[in-house]
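Notes follow the structure.
By convention here, the first residue in the shown sequence is residue 1. Each ligand, and each atom within it, is numbered from 1 in the order the structure gives.
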Amino acid sequence: MADSVTKRRKAVEELADIAKSCTNCDLYKDATQTVFGIGPVTAELVLVGEQPGDEEDKQGEPFVGPAGKLLRSALDEAGIDPDEVYMTNAVKHFKWKPGAGWRRLHQKPNRYEIEACRPWLEGEFALLRPRLIVGLGATACQAMLGSSIRVLTDRGKTFDWGERQVLVTVHPSSILRSRDEASRQENRRAFVADLRDAVRIIAR
Ligand code: URA
């Protein structure tokens, strides 16, 4: 058992290493580096986001920027240790366009880029054995479950993805974009509630 965990851990590391030189689509050209998933291979919970942001692109780790901070504090509040979760993204390179000054503005990955990145996501899931996957936002959920998924209406529901189960919820950056403080608090509360549901599903 321990041996198989060691093997799987090593295989994820090898996959991450190969992904460093990915040229499956053009996004590698403007990104600093490939941002692969991070966390224990034994994680019961896997979180899938959209793509690395500006900070993740610089640091080389998923969910270390503003949305990641919100995500980690929401996980904490839901009773989930962020270090016990495997976090990854549907797309492993930061897609951006120049903004004012040195700002790099996030761009949504298109269908072709999501497809080009799919082998890495599939590769990760061939090695992980989560009890539950939480899809954060439309890009991640549609990458796993297909384009009929609508986060607004499907949020809080679980769907089968092959033999795996995916719980649909919002992306933490949507909470950061709330129109005022009252709605930010309400959106954050609903997000924590979804994460608490994830805990309940895993405990079943
Ligand atoms: N948003 C994501 O979807 N993933 C990250 O890693 C960071 C921000």
Side-chain angles (χ1 to χ4, degrees), residues 12 15-16 19-20 22 25 27-28 30-40 43 45-76 78 80-97 99 103-111 113-118 120-125 128 130 132-145 147 149-152 154-155 161 166-178 184 187-188 190-192 194-195 198:
V12 172
L15 199 63
K20 283 180 185 161
C22 180
C25 73
L27 293 184
Y28 76 95
D30 293 330
T32 308
Q33 57 193 316
T34 304
V35 179
F36 209 74
I38 194 164
L45 182 62
V46 173
L47 302 182
V48 180
E50 180 188 281
Q51 60 162 337
D54 183 70
E55 201 53 46
E56 288 80 11
D57 173 75
K58 291 175 189 152
Q59 295 192 34
E61 274 190 29
F63 292 108
V64 290
K69 289 203 179 82
L70 191 154
L71 171 64
R72 285 164 197 271
S73 82
L75 284 167
D76 247 356
I80 302 167
D81 180 349
D83 291 337
E84 288 185 3
V85 171
Y86 186 95
M87 299 183 192
T88 192
N89 284 301
V91 170
K92 310 284 197 259
H93 280 119
F94 178 36
K95 181 176 182 181
W96 60 279
K97 70 173 186 191
R103 285 193 69 200
R104 301 190 298 171
L105 303 178
H106 164 273
Q107 297 288 284
K108 218 174 161 52
N110 62 35
R111 216 181 308 163
E113 291 151 351
I114 294 166
E115 276 315 305
C117 224
R118 181 178 298 285
W120 303 120
L121 192 65
E122 293 281 1
E124 287 174 294
F125 281 111
L128 300 166
L132 184 69
I133 300 163
V134 173
L136 302 167
T139 301
C141 293
Q142 291 177 358
M144 294 182 277
L145 302 171
S147 55
I149 292 293
R150 293 283 173 268
V151 171
L152 277 184
D154 293 327
R155 173 209 200 134
W161 179 34
V166 179
L167 173 69
V168 171
T169 189
V170 297
H171 193 283
S173 64
S174 69
I175 301 168
L176 294 174
R177 292 193 302 269
S178 302
R184 194 194 66 81
N187 293 336
R188 188 178 183 284
F191 185 53
V192 171
D194 286 345
L195 295 174

field: Distance in Å, T32 OG1 paired with D57 CG, rounded so as to fall on 0.5 Å steps
entry: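 Atom-to-atom, T32:OG1 and D57:CG are 3.5 Å apart.
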
task: Report the distance from atom CD of Q142 to atom CD of E50, rounding to the nearest 0.5 Å.
output: 10.5 Å

Pair R72 + D76, salt bridge at N-O below 4.0 Å: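 Looking at R72 and D76, the cut-off is not met.
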
- prompt: Could R104 and D30 be called an ion pair, given the rule that one side-chain N must be under 4.0 Å from one carboxylate O?
  reply: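 Salt bridge: no.
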
Relative to the heavy atoms of [X], which atoms of ligand 1 are at a distance of less than 4.0 Å?
{"X": "H171", "result": "1 (N), 2 (C), 3 (O)"}
{"X": "G49", "result": "3 (O)"}
{"X": "P62", "result": "6 (O)"}

- prompt: How does E56 reach ligand 1, if at all, at less than 4.0 Å between non-hydrogen atoms: by side chain, backbone, both, or neither?
  reply: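 The answer is the side chain of E56.
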
query: Would you say A67 has any N or O atom under 3.5 Å from an N or O of ligand 1, going by distance alone?
result: no

- prompt: Which residue holds the protein heavy atom closest to atom 5 (C) of ligand 1, what is that atom called, and what is the gap in Å?
  reply: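 The protein heavy atom lying closest is Q51 O, 3.4 Å.
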
query: Which protein non-hydrogen atom lies closest to atom 4 (N) of ligand 1, naming both residue and atom, and how far is it?
result: N89 OD1, 2.7 Å

- prompt: When you measure from the centre of the six-membered ring of F36, is the NZ or CZ of K92 under 6.0 Å away and within 45° of the axis?
  reply: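 Verdict for F36: a cation-pi partner in K92.
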
query: Quick one: does E55 get within less than 4.0 Å of ligand 1, heavy atoms only?
result: no

- prompt: Closest heavy-atom contact between R155 and F191?
  reply: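 Closest approach of R155 to F191: NH2-N, 3.5 Å.
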
